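A short write-up of the structure that comes next.
Order of the sequence lines sets the chain letters (A, B, ...), proteins ahead of strands, with each chain counted from 1. What you see is a predicted model; the values in this text were computed from it and never measured.
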There are 2 protein chains.
Amino acid sequence: MFSKSCEYAIKAMIFVAQKSDESNRIGIKEIAKGTDAPEHFMAKIMQDLSRRRLIHSVKGPNGGFYMDKSDLKNSIANIVKAIDGDVIYTDCVLGLKVCSEKNPCPVHNEYKEIKKNIIKMIEKNSIGDFKDKLDSARYFLKNNK
Amino acid sequence: MFSKSCEYAIKAMIFVAQKSDESNRIGIKEIAKGTDAPEHFMAKIMQDLSRRRLIHSVKGPNGGFYMDKSDLKNSIANIVKAIDGDVIYTDCVLGLKVCSEKNPCPVHNEYKEIKKNIIKMIEKNSIGDFKDKLDSARYFLKNNK
DNA sequence: TAAAATTATGTTTTCAAAATCTTGTGAATA
DNA sequence: TATTCACAAGATTTTGAAAACATAATTTTA
């Protein structure tokens with residue numbers, strides 16, 4: 001569904017949303033630990049996210065990543081688009097280059113509804129929504145060992 | 001969603017369903033051409049499918065692949081399971097090793113419904129259904145050049 | 001014996017992951 | 001107050017493994 005990078009990105013965004021605010025930043029090491037991701041790989045993903053202005057970062061001592069109010073309003077879809085592009089919006093389940101109403105693959109109509117639901121799911125949910133969920137402590141970003 | 005191999009497998013199954021019967025087999029070259037797939041790669045996939053008894057094959061002159069009545073009853077799900085295993089049934093959108101009702105990721109509940117629809121889609125549709133669709137000539141297995 | 005699937009092996013490409021180097025920033029200190 | 005040091009993100013490169021794709025040899029059978 002999503003690339004590994006994208007999975008990590010979503011988890012990281014939710015994690016930072018929950019753990020940080022403007023005056024309380026959080027470093028890569030913690031983010032990697034908290035999301036069960038390889039540190040260096042996560043660093044690269046955080047760079048992408050910050051370059052695309054989905055998250056704020058501060059260098060130097062006491063620096064780190066944080067999200068402000070407007071960052072929290074970003075939808076999951078914005079993250080997905082930043083990392084994976086718009087493949088989820090355009091791709092055909094059977095991998096046809098062109099798959100449309102005029103030129104449908106055999107499963108096009110069946111999949112159309114599903115795709116609609118997927119898009120609805122990632123667009124209607126904002127990072128802020130998940131912050132609240134995680135606060136309730138019934139949801140997880142990694143498996144406890 | 002599905003692996004490349006799995007996409008090819010589904011296309012090949014639909015193609016053979018449409019083009020062959022017990023006395024009229026179809027060779028790998030034709031299958032590859034008809035589905036826009038690399039010939040040798042497709043050969044390997046056809047082997048898998050035949051080893052798992054989702055399709056029939058005959059060696060030698062005038063040999064090839066074909067589907068009998070019971071083959072046509074196979075669902076898309078059977079192909080997916082044969083090639084990709086049950087990842088589609090068990091995997092978490094965010095890549096958690098364990099993601100369940102007891103231990104849900106933040107998007108678990110949202111994705112649950114979507115997964116249900118995906119499974120319904122691949123289970124309710126048999127290869128035979130798509131054979132009919134393709135016969136109607138409004139559907140495509142490859143892009144015309 | 002020729003046609004076709006089957007088997008085995010090899011190459012290329014892609015992607016996740018790791019390592020390393022660079023840049024910017026705050027704080028201590030001489 | 002200028003200098004230096006340490007910390008943390010930013011950027012680039014390298015490595016490893018898996019997936020995708022290709023070639024060649026081997027059966028099987030009409």
Side-chain angles (χ1 to χ4, degrees), chain A residues 1-13 15-16 19-20 22-33 35-67 71 82-85 87 91 94-95, chain B residues 1-12 15-16 19-20 22-33 35-67 83-85 87 91 94-95 97:
Chain A
M1 174 116 286
F2 306 133
S3 71
K4 210 79 191 158
S5 301
C6 192
E7 289 176 9
Y8 286 145
I10 297 171
K11 288 195 241 183
M13 290 284 281
F15 186 75
V16 175
K19 299 278 186 181
S20 79
E22 309 220 5
S23 58
N24 216 330
R25 295 117 188 192
I26 182 168
I28 283 200
K29 278 192 190 111
E30 263 186 276
I31 298 175
K33 262 187 204 158
T35 56
D36 213 6
E39 187 183 321
H40 295 96
F41 194 47
M42 182 55 96
K44 210 161 128 185
I45 292 166
M46 295 310 292
Q47 286 163 32
D48 280 348
L49 293 173
S50 118
R51 206 178 308 125
R52 285 170 184 278
R53 315 239 174 264
L54 292 171
I55 201 169
H56 282 78
S57 69
V58 176
K59 287 185 178 182
N62 255 318
F65 297 89
Y66 71 93
M67 304 187 81
D71 290 335
I83 304 293
D84 282 348
V87 282
D91 258 29
L94 295 189
Chain B
M1 173 115 284
F2 305 132
S3 72
K4 209 79 190 159
S5 302
C6 192
E7 289 176 9
Y8 286 146
I10 296 171
K11 287 194 240 183
F15 186 75
V16 175
K19 299 277 186 181
S20 79
E22 311 220 4
S23 58
N24 216 332
R25 296 117 188 192
I26 182 168
I28 283 200
K29 277 191 191 113
E30 264 187 274
I31 299 175
K33 261 187 203 156
T35 57
D36 213 7
E39 187 184 322
H40 298 94
F41 193 46
M42 182 56 96
K44 215 161 130 185
I45 292 167
M46 295 310 292
Q47 285 163 34
D48 279 349
L49 293 173
S50 118
R51 205 176 309 126
R52 286 170 184 278
R53 314 243 173 262
L54 292 170
I55 201 170
H56 282 79
S57 70
V58 177
K59 287 185 178 183
N62 255 318
F65 297 88
Y66 70 93
M67 303 187 83
I83 304 293
D84 282 348
V87 282
D91 258 29
L94 295 189
K97 300 268 185 307

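- The CD1 atom of A/Ile26 sits 16 Å away from the C1' atom of D/dC7 (whole-angstrom rounding).
- Comparing C/dT25, D/dA20, C/dT6 by their closest approach to the side chain of B/Ser5 singles out D/dA20.
- A/Asp91 is linked by a side chain to side chain contact (heavy atoms under 4.5 Å, CB included) to A/Val87, counting only residues two or more places apart in sequence or in another chain.
- In this structure, A/Tyr66 OH and A/Arg25 CZ are separated by 6.0 Å, a value rounded to the nearest 0.5 Å.
- Between the C1' atom of C/dA16 and the CE atom of A/Met42 lies a distance of 13 Å, rounded to the nearest Å.
- Ion pairing between A/Glu7 and A/Lys4 holds under the 4.0 Å rule for side-chain N and carboxylate O.
- Here the C1' atom of nucleotide C/dT25 and the NZ atom of A/Lys59 are 8 Å apart, to the nearest Å.
- Atom CZ in B/Arg25 sits about 12 Å away from atom P in D/dT29, given to the nearest Å.
- Here C/dA5 presents its P atom at 15 Å from CD1 of B/Ile45, a figure rounded to the nearest Å.
- B/Gly63 comes within 4.0 angstrom of sugar-phosphate atoms only, judged by non-hydrogen atoms across all strands, and of no base.
- Under the side chain to side chain donor-acceptor pair (under 3.5 Å) criterion, A/Asn62 pairs with no residue, sequence neighbours left out.
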Under 3.5 Å between N/O atoms: give me all the protein pairs with nucleotides 17-20 of chain C, atom names plus distance.
| residue | atom | partner | partner atom | Å |
| --- | --- | --- | --- | --- |
| C/dA17 | OP2 | A/Tyr8 | OH | 3.3 |

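- Identified under the salt bridge (charged side-chain N to carboxylate O under 4.0 Å, His left out) test for residues 53-66 of chain B, with sequence neighbours left out: none.
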Pairs of donor and acceptor atoms involving the side chains of residues 38-46 of chain A, under 3.5 Å and at least two apart or interchain, shall be tabulated with distances.
none

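- The distance from atom CG of A/Asn62 to atom P of D/dA9 is 11 Å, rounded to the nearest whole Å.
- The shortest side-chain heavy-atom distance between A/Ile83 and A/Tyr8 does not fall under the 4.5 Å cut-off.
- Taking for each of A/Gly60 and B/Gly60 the nucleotide of DNA chain C with the nearest heavy atom, the 5'-most of the two is the partner of B/Gly60.
- For the pair A/Leu49 and A/Phe65, the minimum side-chain heavy-atom distance is 4.5 Å or more.
- A heavy-atom distance below 4.0 Å to DNA chain C is reached by none of the residues of residues 47-56 of chain A.
- Between B/Ser57 and the phosphate of C/dA4, there is no side-chain N or O to OP1/OP2 separation shorter than 4.0 Å.
- Phosphate proximity of D/dA19 to B/Ser3: absent, as no side-chain N or O sits under 4.0 Å from OP1 or OP2.
- Remark: C1' of D/dT29 and CZ of B/Phe65 are 15 Å apart, rounded to the nearest angstrom.
- Closest to the B/Ile28 side chain, of the nucleotides D/dA30, C/dA5, C/dA16, is C/dA5.
- Residues A/Met13 and A/Ile10 fail the side-chain proximity criterion, which asks for heavy atoms closer than 4.5 Å.
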